[in-house]
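If you read the sequence from its start, that first residue is 1, and numbering goes on from there.
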Amino acid sequence: MVPAGNRPGRLDRSLTGRNAGAYAARTLVPLIAVERVMTRSNQPLAVVTVALVASVAACSQDAGPPADTIFHGDNIVTMDPQQPTVEAVAVRGETIVAAGSMDEVMALQGSSTRVVELGDNALLPGFIDSHGHFMGAGRDQTSLGLHPPPVGDVNNIDDLVRKVRAWIDEHDIPAGEAVTGRGYDDSLLEEGRHPTREDLDRASTEHPIVLTHVSGHLTTTNSAALEVSNITADTPDPPGGHVRRIAGSMEPNGVLEETARGLLAIDRYGTPSTMEEMDELIRRSIDVYLSHGTTTIQDGGTASEQADMFREAAAREPFKADVAAFVRNRAMPNEVPDVPYTRGYENGFRVAGVKLMLDGSPQGRTAWVTIPYEEGPPGAPPDYVAYGVMDPVVYKAQADQLIEAGIPIIVHANGDAAMDLMIDGVDEAVADMDPMPDHRSVIIHAQLMRADQLDRSAELNIVPSFFAAHAFFWGDWHRISFGEDRGNNTSPMGWALERGVNFTIHNDASVVPPHMMRLVSIAVNRKTRSGHILGPHQRLTVMQALHAVTLGGAYQYFEEDTKGSITVGKQADLVILDENPLTADPENLEFIPILETFSRGRSVFAM
């Protein structure tokens, strides 16, 4: 435990007692009331009562210099529970300086002010990415992609083999040089299995081939890759991982699970070799997010040397959007963590906390659960529950150290066994703290979260960030893996709402692309690939889904005072949509185009 007098970056907020529902009372409950006002039948948004604005009219006035930009129209969705709709918004520099009636805001117009008449278009706060690995978005533009539809075009193993062979030929890759790719999905391949070394040997026996599963938790390789990595029948499974074997033998079949991927002597991601290449990849990746209206971006699980590269790149030229890195903690148990955590951004970058990892993925069938899988991986026993990937003693020690030091943690946990461990670690860390610190520890993915775990999360102010995109991409697969009850209750957002739990939703790019309106659509509709509605009671309304990617995301980052809503004094992160999502057909939400994105008051993307 870090001594009380030596707590670097100690959070300056605390919660009274062990019930953290106060924030929900301030935001989620008003959100429901606002939603009723904004979606009232037969009443257009432009005629919504302005009684809610009266209380903040004073702070909407600004007698300073002219605004740089003024937006006005009938479809401004502020996401501010105290001021849900306004007629106009003014921006000066990086800040929103006015939001209210047309007359009061237009008083800030000057000769150089850009005036944006929205018409039927909608203005919203910039979207907040609550979890992802942002450079994958840029890497996907130039690397070998093996995704199934709708992201890619690989439907079977023959398609995959052809694409790998064509990539080698088109890029004239010399023999002996590694070939890497990602995005294949055994759950959607016609064969219903992972490609193996035998399959990949058909693409090449002269090139080591390393292909990463769409989840990022498994890798498949050919014989050359196994040989160069010295992975043989005598190679034991590492702790927290598994080398899959050819049936009836100990020979590796090419598929490596979880920590077993670390046995490879090949860089499976194609990491840039120079700072110039890294810089280009960073900025290309940011541009992808901006094209989806996202102005705060996460890199979850950043290596410390990579964080240094991000900081160096941002110092050379500030990032167009804010990038928050959650680094891997290298401290040993009982050591004071050395994490360069900061609350503010410098040139668009900050280290926002630490990421810890407890299990695998449900689509890869490595999520650690308490009740056995209905259908597990090939050869799995009937009582298969997968496994953890981190020593529980080490996890609890690190969670304790980091929470005591005031450093936020995000913890990867998909299965309910992993979430039991995550929650126990937080509970034990704060047990002797009075008042309980406002730690906002995050469960990343939270796919198979139980109702009782949501009860504990409400009490401890743990924030689940649901991988809500799973409902479409793998909802049908989860019903096979876990049965109808568990499968239909993945990403239990409805249960979270009932309990007043603060939560967010995310895409986990580049597992799926960072398409925010598609994420909102999936959270609202929960329609699987087959058309099945995955647990109708777990669906969100459009307003609730938008809250999860704006003000809810800001809360997760401890940034609700500066982001997440169109509120005077907040950072001018804004997005213009072609249509107001609150009045659009819910079935068409994902097809609403992003017309323009503003980060810190500056236009950084325009269609």
Side-chain angles (χ1 to χ4, degrees), residues 127 129-132 136-137 140 145-155 182-190 192 213-217 292-294 361-365 367 414 444-449 464-496 503-542 544-546 548-549 581 584-594:
F127 298 136
D129 169 36
S130 291
H131 180 65
D140 280 351
L146 301 166
H147 295 267
V151 178
D153 59 1
V154 172
N155 294 297
R182 67 163 292 128
Y184 83 88
D185 189 345
D186 62 307
S187 74
L188 294 170
L189 291 173
E190 291 171 1
H213 187 256
V214 65
S215 68
H217 287 259
H292 291 293
T294 304
S361 77
Q363 66 269 48
R365 291 178 166 170
N414 266 306
I444 292 297
H445 306 322
Q447 283 299 284
L448 292 153
M449 198 168 194
S465 185
F466 296 112
F467 193 167
H470 266 250
F472 169 75
F473 285 95
W474 296 286
D476 294 321
W477 184 245
H478 295 340
R479 293 163 64 205
I480 296 170
S481 297
F482 304 108
E484 290 294 334
D485 183 56
R486 281 189 293 172
N488 278 284
N489 285 307
T490 53
S491 292
M493 300 171 291
W495 289 349
F503 68 90
T504 60
I505 58 177
H506 63 262
N507 282 304
D508 195 20
S510 60
V511 175
V512 300
H515 191 319
M516 294 301 274
M517 287 309 299
R518 179 159 59 195
L519 175 64
V520 167
S521 176
I522 294 172
V524 169
N525 295 298
R526 285 180 67 95
K527 185 177 289 188
T528 70
R529 292 175 185 269
S530 70
H532 173 77
I533 304 302
L534 194 73
H537 55 291
Q538 304 291 10
R539 289 180 292 191
L540 300 181
T541 65
V542 177
Q544 290 162 349
L546 290 173
V549 298
D585 180 347
E587 294 285 340
N588 294 328
L589 285 168
E590 71 172 285
F591 304 113
I592 297 176
I594 306 297

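If you check the side chains of T294 and D129, you find no donor sitting under 3.5 Å from an acceptor. Counting only N and O atoms by type, the side chains of D185 and H147 include no donor and acceptor under 3.5 Å apart. T504 and S465 form a side-chain donor-acceptor contact under 3.5 Å, judged by distance and modelled atom types alone.
Remark: of the listed residues I522, T528, N489, N525, T528 is the sole one forming a side-chain contact (heavy atoms from CB on, under 4.5 Å) with L534.
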Quiz item: Step by step, would you call V151 with F473 a side chain to side chain contact (heavy atoms under 4.5 Å, CB included)?
Solution: CA-CA 10 Å; V151 178; F473 285 95; 4.1 Å; yes
Practice problem: Mind running side chain to side chain contact (heavy atoms under 4.5 Å, CB included) on R518 and H292 for me, showing each step along the way? | Solution: CA-CA 10 Å; R518 179 159 59 195; H292 291 293; over 6 Å; no
Quiz item: What do the steps show when you test D140 against R182 for side chain to side chain contact (heavy atoms under 4.5 Å, CB included), and what is the final call?
Solution: CA-CA 9 Å; D140 280 351; R182 67 163 292 128; 3.7 Å; yes
Self-check item: Residues T541, V524; criterion side chain to side chain contact (heavy atoms under 4.5 Å, CB included); working and verdict
Solution: CA-CA 6 Å; T541 65; V524 169; over 6 Å; no
Quiz prompt | Candidate pair S491 and Q538, rule side-chain hydrogen bond (donor to acceptor under 3.5 Å, both in side chains), full reasoning | solution = CA-CA 8 Å; S491 292; Q538 304 291 10; over 6 Å; no
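Residues F482 and P362 have side chains in contact (heavy-atom distance under 4.5 Å, counting atoms from C-beta outward). A 4.5 Å side-chain heavy-atom check between N488 and H532 finds at least one atom pair inside the cut-off. Within the 4.5 Å cutoff, the side chain of F127 has heavy atoms near those of the M517 side chain. In this structure, Q363 and S481 have side chains that are not in contact, with every pair of non-hydrogen atoms separated by 4.5 Å or more. F472 places none of its side-chain heavy atoms less than 4.5 Å from the side chain of L519. Contact annotation: the side chain of V549 approaches that of I505 to within less than 4.5 Å [non-hydrogen atoms, C-beta and beyond].
Checked against a 6.0 Å centroid threshold, the rings of F466 and H445 do not count as neighbours.
The closest donor-acceptor contact from the side chain of H213 to the backbone of G216 lies at 3.5 Å or more, if one exists at all.
Under the 30°/60° scheme for interplanar angles, the aromatic rings of H470 and F467 are found to stand perpendicular.
E484 meets the salt bridge (Lys or Arg N to Asp or Glu O under 4.0 Å) test with R479; sequence neighbours excluded.
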